[in-house]
J.: 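The structure under discussion is supplied below as structure tokens; questions concerning it will follow.
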Amino acid sequence: MIESILQYDFLQNAFLSGIIIGIIAPLLGVFIVVRRLSLIADALSHVTLAGIAGSLYLSQSVTAFATLNPIYLGIVSAVGGSVLIERLRRLYKHFEELAIPIIMSAGLGMSAIFISLAQGFSADLFSYLFGSVSAVSRQDLWIVLGIAILVFAFIFIFYKELFVLSFDEDYAKASGLPAKTIHLLFMVVTALVIAASMRIVGILLVSSLITLPVAASIRIAKGFKQTIFFAILFGELAVIIGLVTAFYLNLAPGGTIVVTSILILLLVIMIKKIVMAIRAKD
Amino acid sequence: MAQKPLIELQDVSFQYEYTNVLRDISLSVREGDFLALLGPNGSGKSTLLKIILGLLKPTKGTVKLFGEPGSTFKHREWIGYVSQKSNSFNSGFPATVKEVVASGLTKKIGLFKRRLPDQQAKVIESLKAVGMEQFANRNIGELSGGQQQRVFIARALVAEPKLLILDEPTVGIDHENVQSFYDMLTDLNERHHMTMILVTHDVDTVSDTISHVACLNQTIHFHGFKDDYDSLSDDQLNAWYGHAVRKIHHDNKEKQK
């Protein structure tokens with residue numbers, strides 16, 4: 001395996017991107033999960049799909065788009081979607097979750113139109129839907145790295161504000177923090193992470209890499225920093241095991257990564273139960 | 001020392017859609033006061049708090065905080081706020097007591113800065129003030145309602161506010177723990193000279209440590225010293241409270257002594 005990675009550029013791209021995504025998706029995921037925004041991540045990934053499908057369609061019909069990496073339009077539509085979700089959440093104050101199906105169906109609907117308009121990119125599309133080991137380009141890797149730097153900077157700079165906002169939004173507002181601005185930035189960064197993760201895990205499974213490692217981590221962590229640490233550890237494990245299996249068995253990495261995450265989650269729940277039972281006996 | 005008003009409301013009214021929630025409220029709180037803001041449910045207490053905290057703008061009237069107009073007041077960290085426990089926080093949240101308390105420093109530290117050099121010591125000190133230092137490394141969700149409420153007070157104290165506002169802090173706390181909770185507030189007021197506003201719908205909670213009482217029901221029905229409040233008749237209280245209330249707490253207190 002190591003030899004192959006050293007030998008093939010495409011494997012280097014996939015593994016390096018995967019390792020970066022294995023950090024940023026669960027890192028941001030901790031904030032997304034504790035703020036109960038997991039479904040929003042799902043909605044945003046479908047909007048990203050609309051951008052990708054749109055770009056793939058345009059690449060066939062408009063020469064300017066022929067060489068454009070579809071990830072760019074994906075990023076644009078994800079960020080646009082995140083801003084729209086916020087608008088809708090404010091519009092439907094008492095039914096905030098309504099924003100999710102609205103944005104999700106808008107994303108899927110547009111994707112369906114673009115996909116049926118275009119002819120013959122099913123292989124490409126498959127790699128965007130479920131991830132790919134072979135389709136990650138060097139350019140994709142640079143984009144993922146750029147997004148990762150933004151995510152780290154954002155969380156490093158606003159860690160304490162994000163913590164307060166996640167733990168107790170009313171308190172954050174009452175203490176005069178710029179809650180709205182930080183929240184909007186947070187949504188935009190979430191959109192970026194989804195666009196970045198999509199190349200490896202696929203659009204349909206992006207939200208699982210954001211939520212599953214956190215779901216496992218919450219079971220055993222003490223405190224918030226530890227929750228982040230374990231989430232990244234589990235995310236990284238899932239990505240590496242998932243990519244290796246996908247490579248050897250020629251499977252879509254989205255599937256293997258998610259199934260590995262689920263196995264980790266089940267294992268953590270089981271171990272926790274056993275430990276609790278032993279402690280209860282003592 | 002001349003006591004300057006920390007909070008000064010003048011003729012404050014607030015309308016929500018077409019309903020008058022608050023009408024002509026004038027109220028001042030001076031340094032060292034321990035004010036109980038009493039009012040039945042729906043009397044506009046929470047609205048008044050939100051106006052003081054700058055979350056709502058009054059439809060009419062002026063708000064001054066520490067002598068400055070509320071709209072331009074920048075030192076929100078001078079005002080510590082403890083909300084009703086049940087309101088806003090998710091009890092499964094994976095954070096330790098220490099992390100929760102440290103989050104009270106967020107505004108004081110300011111944007112783009114990470115932490116205070118003596119942050120750890122400050123956190124432990126404020127946990128000691130509420131008698132919770134032995135729980136510092138526990139997850140917040142593992143504590144009882146009363147313990148959580150103490151942690152939230154520590155979170156407010158850690159920024160060393162000059163004024164502490166508590167919104168129905170004893171809702172959801174078992175009866176036995178309420179007394180020790182008030183003893184702690186008294187201690188903060190007397191030993192640490194912290195100005196306090198305690199908001200409650202429960203007339204019984206007006207204990208001996210309180211210096212002033214304000215009775216709110218859309219408008220201020222009574223505002224004055226605790227002793228004057230004590231001399232109000234039950235009839236007067238019933239009139240503004242809207243139903244029969246009796247001040248039974250004083251008898252209880254005396255019996256306890």
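Quick note on labels: first sequence line is chain A, next is B, and so on, each numbered from 1.
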J.: Just so I know, are the side chains of A:R89 and A:L98 near enough to count as touching, which here means a heavy-atom distance under 4.5 Å?
T.: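 With C-beta onward as the side chain, the pair stays apart.
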
J.: Nearest 0.5 angstrom please: B:I197 CD1 to B:L35 CG, how far?
T.: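 Nearest 0.5 Å value for the CD1-CG distance: 5.5 Å.
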
J.: Is there a side-chain contact between A:E161 and B:T106 (heavy atoms, below 4.5 Å)?
T.: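 Side chain of A:E161 against side chain of B:T106, heavy atoms only: contact under 4.5 Å found.
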
J.: Could you please spell out the steps behind the side chain to side chain contact (heavy atoms under 4.5 Å, CB included) verdict for A:I24 and A:L28?
T.: CA-CA 6 Å; A:I24 57 173; A:L28 202 71; over 6 Å; no

J.: Just distance, no hydrogens or angles: give the donor-acceptor pairs under 3.5 Å from side chains in residues 256-266 of chain A, sequence neighbours left out.
T.:
{"from": "A:T256", "atom 1": "OG1", "to": "A:G242", "atom 2": "O", "distance (Å)": "2.7"}
{"from": "A:T256", "atom 1": "OG1", "to": "A:P253", "atom 2": "O", "distance (Å)": "3.0"}
{"from": "A:T260", "atom 1": "OG1", "to": "A:T256", "atom 2": "O", "distance (Å)": "2.5"}
{"from": "A:S261", "atom 1": "OG", "to": "A:I257", "atom 2": "O", "distance (Å)": "2.9"}

J.: Residue by residue, which of residues 210-225 of chain A have a heavy atom closer than 4.5 Å to a heavy atom belonging to chain B?
T.: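 Only A:I218, A:A221, A:K222, A:G223, A:F224, A:K225 of residues 210-225 of chain A have a heavy atom under 4.5 Å from chain B.
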
J.: For chain B, which of A:V164, A:V30, A:I157 has the most heavy-atom pairs under 4.5 Å?
T.: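 Highest number of pairs under 4.5 Å: A:V164.
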
J.: Salt bridge or not for A:E169 and A:K173, using N-O below 4.0 Å?
T.: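 Judged by the 4.0 Å cut-off on N to carboxylate O distance, A:E169 and A:K173 do form a salt bridge.
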
J.: With a 4.5 Å cut-off on side-chain heavy atoms, are B:V158 and B:Q119 touching?
T.: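 A side-chain contact is absent here, since even the closest heavy-atom pair is not under 4.5 Å.
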
J.: Under a 4.5 Å heavy-atom cutoff, which of B:K74, B:R76, B:K108, B:K107 has the most pairs with chain A?
T.: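 Greatest number of close heavy-atom pairs with chain A: B:K107.
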
J.: Among residues 44-58 of chain B, which residues come closer than 4.5 Å to chain A, judged by heavy atom distances?
T.: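 B:L53, B:L55 fall under the 4.5 Å cut-off.
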
J.: Taking every non-hydrogen pair under 4.5 Å, which of B:N139, B:I79, B:V97 racks up the most with chain A?
T.: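 Sorted descending by pairs with chain A, the first entry is B:N139.
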
J.: Would you check if the distance from the ring center of A:Y171 to the ring center of B:Y81 is below 6.0 Å?
T.: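 No, ring centres 6.0 Å or more apart.
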
J.: May I ask you to check whether A:D42 and A:S207 show a side-chain donor-acceptor distance below 3.5 Å?
T.: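 Note: A:D42 and A:S207 side chains meet the donor-acceptor criterion.
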
J.: Are side-chain heavy atoms of B:K122 and B:E160 found at a separation under 4.5 Å?
T.: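 Side-chain contact under 4.5 Å: yes.
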
J.: Do any side-chain atoms of residues 177-206 of chain A form donor-acceptor pairs under 3.5 angstrom with protein atoms, and if so which ones, sequence neighbours left out?
T.:
{"from": "A:H183", "atom 1": "ND1", "to": "A:R35", "atom 2": "NH1", "distance (Å)": "3.1"}
{"from": "A:H183", "atom 1": "ND1", "to": "A:R35", "atom 2": "NH2", "distance (Å)": "2.8"}
{"from": "A:H183", "atom 1": "NE2", "to": "A:E86", "atom 2": "OE1", "distance (Å)": "2.9"}
{"from": "A:H183", "atom 1": "NE2", "to": "A:E86", "atom 2": "OE2", "distance (Å)": "3.0"}
{"from": "A:T190", "atom 1": "OG1", "to": "A:F186", "atom 2": "O", "distance (Å)": "2.8"}
{"from": "A:S197", "atom 1": "OG", "to": "A:V193", "atom 2": "O", "distance (Å)": "2.7"}
{"from": "A:R199", "atom 1": "NE", "to": "A:D140", "atom 2": "OD2", "distance (Å)": "3.0"}
{"from": "A:R199", "atom 1": "NH2", "to": "A:A135", "atom 2": "O", "distance (Å)": "3.1"}

J.: Of the backbone (N, CA, C, O) and the side chain (C-beta and beyond), which part of B:V100 lies under 4.5 Å from a heavy atom of chain A, both, or neither?
T.: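 For B:V100, the contact with chain A is made by backbone and side chain together.
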
J.: Please answer whether the main-chain N or O of B:L65 pairs with a side-chain N or O of B:E8 as donor and acceptor at a distance below 3.5 Å.
T.: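 No, because the side chain of B:E8 does not come within donor-acceptor range (under 3.5 Å) of the backbone of B:L65.
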
J.: Is B:E77 close to chain A through its backbone or its side chain, or both, or neither, when contacts mean heavy atoms under 4.5 Å?
T.: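 Neither; nothing under 4.5 Å.
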
J.: Where does A:F156 contact chain B at under 4.5 Å (heavy atoms): side chain, backbone, both or neither?
T.: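 Interface part for A:F156: both.
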
